[in-house]
Amino acid sequence: MSTSYDFDVIVVGAGPAGGMAAGTAAAMGLRTVLIEEHPEIGAPTHCSGKLQLHAFREFNLPQRLVLNTLQAGAFYAPNGAVARVRRAVPDSHVVDRAVFDRWLAHQAQERGAELLLDTRLRAAERVNGAVRVTGERSGRAFSATAALIVDAEGARPVLPKALGFQLRRRLILGLQYQMTDVDLEEPDCPEVYLGTAAAPGFFAWLMPIGDRRARVGICVDPQLAGRAPLHYLESLLQGHPVVSRRLRYARIERKLAGPIPVLASRSPTAVDGMILVGDAAGHVKATSGGGIYFSLIAARLAAESAAAYVGGDRDALIRYDRRWRRRFGRELRATTMARLALNRMTDADLNAIVATIAADERLRATIERLGDTAYQSRLLAPFMTHALRPGHLATLARPMLKIIRYGLRALWDDEIPAEENGAGEMNP
Ligand SMILES: Cc1cc2nc3c(=O)[nH]c(=O)nc-3n(C[C@H](O)[C@H](O)[C@H](O)COP(=O)(O)OP(=O)(O)OC[C@H]3O[C@@H](n4cnc5c(N)ncnc54)[C@H](O)[C@@H]3O)c2cc1C
């Protein structure tokens, strides 16, 4: 390919997807620029920072990024009943996202990528077999050309439309407070609070991050929630019997908010001149909203495809789409099915599921053995098998029917119309 453009690859957005894509591309010898709209990387932060140990092993991430380690989970039903599980080995670490994102960007620079901060891109176009981006850098007009754009803009990307992408996604809205002096029951056990009143279309959580500190938050689906996210978070803090007890002496250190693109994975993620990674591509589990690990995997695959594309292999971009789907597409499909079924569950259904897990030692043992927050689909078949045992059938018949009816329907209809993009506009 011609080298008459400024860079081989322009990576847009210095979150986990962009940092990893830029670092990998630069290490492969591509002339790479990583462009971030904010004057500093990682601010403002929106994320809880839970990242599976798989990611630490696969990407050789240093232990000094770890704030806390999680090995257990507690699931509170709307009626206050709780099911607890504890794995034999830890599942995840918690990282400080600002520190994590800066570390990735620094690695990318060490490998030869150029980093441009305070540079907001607003448009992209194809020009003479290359692509050009335009925007502003520190208040002045900016433009650059490259063979390829790796778009890692996050949940609300602005560049893909101009190059022909038609994104389908449903945005849910997250709001959380980082708090200190929290009365934690177990420092390695995140707590999940379920219920249509607590967090319509998702859940509320308390994530211990070490030293009696925790991130306490909610996510809501604006299509199912009647009020703004702040209403649900304040109600959780003041009114939830468990949360209000844990936070009796707690103080807010900072507030974090952001959207999560769930139910977005079906859209194509590559066109001539651009590939999407991370939240921009919908690489998020629809059950938990977790996206960091899959973003890192996709970013590495994207950079490898970019190298092949710049080397003249025009099929490399389509292969990228196939490769990430082979690697974790099943998880996105399974969690989409679970989310659509969960969105139809009443509080009585959720009470029944939590009560069954709490009461059934064998089921809990299965969850503890096979449960993996990165690869959640591993639990689907064993859970259904347990649920269909005669002892549980009466209690779980209704939720199971919903999983079959709404979950399986998701295989061909994920309830997102083709034109829907940016749904969920709502102030925190
Ligand atoms: C409340 C909440 C809690 C979460 N908790 C977790 C969790 O515990 N674990 C987990 O795995 N996931 C979690 N997630 C999801 C996780 O944050 C995302 O999946 C992850 O950040 C995706 O990384 P990304 O690099 O694709 O996008 P982002 O992290 O959003 O990064 C995108 C970057 O691009 C920049 N940018 C955007 N547009 C432009 C532009 N036009 N020009 C220049 N720069 C631009 C942005 O400033 C940003 O720095 C959470 C999300 C929310 C909202």
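Just so you know, residue 1 is the first one in the sequence shown, and it goes up from there. Indexing begins at 1, ligand by ligand and atom by atom, following the structure's order.
- Checked against a 3.5 angstrom limit, the closest N/O atoms of Pro16 and ligand 1 fall inside it.
- With respect to atom 9 (N) of ligand 1, the closest heavy atom belonging to the protein is Lys50 O, 2.8 Å.
- In terms of protein heavy atoms, atom 15 (C) of ligand 1 is closest to Gly289 O, 3.4 Å.
- Counting only heavy atoms of the protein, atom 31 (O) of ligand 1 lies nearest to Gly15 CA, 3.5 Å.
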What donor-acceptor contacts under 3.5 angstrom involve side-chain atoms of residues 200-210, with partners at least two apart or in another chain?
unit_1	atom_1	unit_2	atom_2	d
Trp205	NE1	Ser48	OG	3.4
Trp205	NE1	Gln176	OE1	3.2

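- For the atom pair CG of Leu148 and CZ of Phe7, the computed distance is 14.0 Å after rounding to the nearest 0.5 Å.
- Summary of contacts: the protein heavy atom closest to atom 40 (C) of ligand 1 is Arg120 NH1, 3.4 Å.
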All N/O donor-acceptor pairs, side-chain side in residues 106-118, below 3.5 Å, sequence neighbours left out:
unit_1	atom_1	unit_2	atom_2	d
Asp118	OD2	Ser138	OG	3.2

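- Here atom 5 (N) of ligand 1 lies nearest to Ser48 when heavy atoms of Ala43, Ala155, Ser48, Gly42 are compared.
- For the pair Asp315 and Arg319, the salt-bridge criterion is not met [side-chain N within less than 4.0 Å of a carboxylate O].
- Between Gly291 and ligand 1, an N or O atom pair is found at a separation short of 3.5 Å.
- In this structure, atom 42 (N) of ligand 1 lies nearest to the protein heavy atom Leu121 N, 3.2 Å.
- The protein heavy-atom contact nearest to atom 32 (C) of ligand 1 is Ala152 O, 3.3 Å.
- Every atom of ligand 1 is numbered from 1 in the order shown, and the set under 4.0 Å from a heavy atom of Gln176 is 1 (C), 3 (C).
- Within the 4.0 Å heavy-atom shell around ligand 1 one finds Arg97.
- Considering backbone and side-chain atoms alike, Gly49 places an N or O below 3.5 Å from some N or O of ligand 1.
- At under 3.5 Å, a nitrogen or oxygen of Glu36, whether backbone or side chain, sits near a nitrogen or oxygen of ligand 1.
- The closest non-hydrogen atom to atom 19 (O) of ligand 1, taken over Val95, Val284, Asp279, comes from Asp279.
- Looking at atom 46 (C) of ligand 1, its nearest protein heavy atom turns out to be Glu37 OE2, 3.4 Å.
- In this structure, Glu331 contributes its side chain and Lys285 its backbone to no donor-acceptor pair below 3.5 Å.
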